[in-house]
Amino acid sequence: MRFDVITLFPEQFRILSGEGVVARALGSGIAELHLWNPRDFALGAHRRVDDRPYGGGPGMVMLFEPLAAAIAAARAASPGAQVAYLSPQGRTLDQQAMIDFASAPGWILLAGRYEGIDERLLASCIDQEWSIGDYVLSGGELPAMVVMDAVIRLLPGALGHERSACEDSHMNGLLDCPHFSRPEQIDGLRVPEVLLSGDHGAIARWRRQQALGRTWLRRPDLLAKMTLDNDEQQLLQDFIQARQA
Ligand SMILES: Nc1nonc1C(=O)N[C@H]1C[C@@H]1c1ccc(S(N)(=O)=O)cc1
């Protein structure tokens, strides 16, 4: 998948080529990243990319022309890609959104700065507006990297043969189960016996029950969206009763 990011701070994206899933995906061609700086498309002696807002008020607004030109260049280089603007006013993203995005041919991500962008861009150049959460950051670069990370891990081959993203939290509407590794005991805290049993059926049921129970405890809003089969309902009831015993 091709990602084109429009950003005033392209050097921030070097972090993606460091190590880990995203770096390996970029290095192996599973994903590719192209950066476009609006300042390269700014005209005039001062090559301005922002200016004061009409009507007064604090902060600066990113100018229409440089962003429109950068978006046009990215669209020409990535046919079929849609343009998504990262802002607190966008649709809040969740795992299902990332799953949907992973099937697109590519994305052009616009990382905003300052107070935001000239509103006319939303009507003329931008296809979708997304938010990574209800808070305001100093720039859209981190949100763009968050989206890239969440989408890239879903691409075939990105996580390697040893596992896939399907066990992750939120991938099946539930939170993930707890995980343990060596040693078997730390300060009297033991690994659940079932995980040491070698009974893969029992381990799978325990993990499903833990995922159901954790979601019930921490995110009942997610559970409310799910339809549990009879076995899952019984697992959850047993979890709840064990807690109340
Ligand atoms: N949350 C987020 N999810 O994605 N981006 C997020 C974010 O905080 N971006 C901030 C730098 C930039 C920004 C953009 C737009 C607006 S504005 N005036 O439209 O509200 C305010 C701040």
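Numbering of residues begins at 1 and proceeds along the displayed sequence. Note that ligands are numbered from 1 as they come in the structure, with each ligand's atoms numbered from 1 the same way.
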What are the distances between nitrogen or oxygen atoms of ligand 1 and protein nitrogen or oxygen atoms, counting only those under 3.5 Å?
residue, atom, partner, partner atom, Å
ligand 1, 1 (N), G133, O, 3.1
ligand 1, 1 (N), Y135, O, 2.8
ligand 1, 3 (N), I132, N, 3.0
ligand 1, 4 (O), S87, N, 3.3
ligand 1, 5 (N), S87, N, 3.4
ligand 1, 8 (O), L137, N, 2.8
ligand 1, 18 (N), E115, O, 2.6
ligand 1, 19 (O), Q89, NE2, 2.8
ligand 1, 20 (O), Q89, NE2, 3.1

Side chain to side chain donor-acceptor pair (under 3.5 Å) evaluation trace for E129 with Q89: CA-CA 7 Å; E129 190 172 3; Q89 300 189 43; 5.5 Å; no

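At a threshold of 4.5 Å between side-chain heavy atoms, the hydrophobic network of Ile, Leu, Val, Met, Phe, Trp and Tyr places L33 and L8 in two separate groups.
For the residue pair D238/Q234, the side-chain donor-acceptor check at 3.5 Å is satisfied.
Residues meeting the side-chain contact (heavy atoms from CB on, under 4.5 Å) test with V194, sequence neighbours left out: P192, S197, A202, I203, W206. Partners of E184 under the salt bridge (Lys or Arg N to Asp or Glu O under 4.0 Å) rule, at least two apart in sequence or in another chain, are R190.
Applying the salt bridge (charged side-chain N to carboxylate O under 4.0 Å, His left out) rule to pairs touching residues 75-98 yields R75-D127, sequence neighbours excluded.
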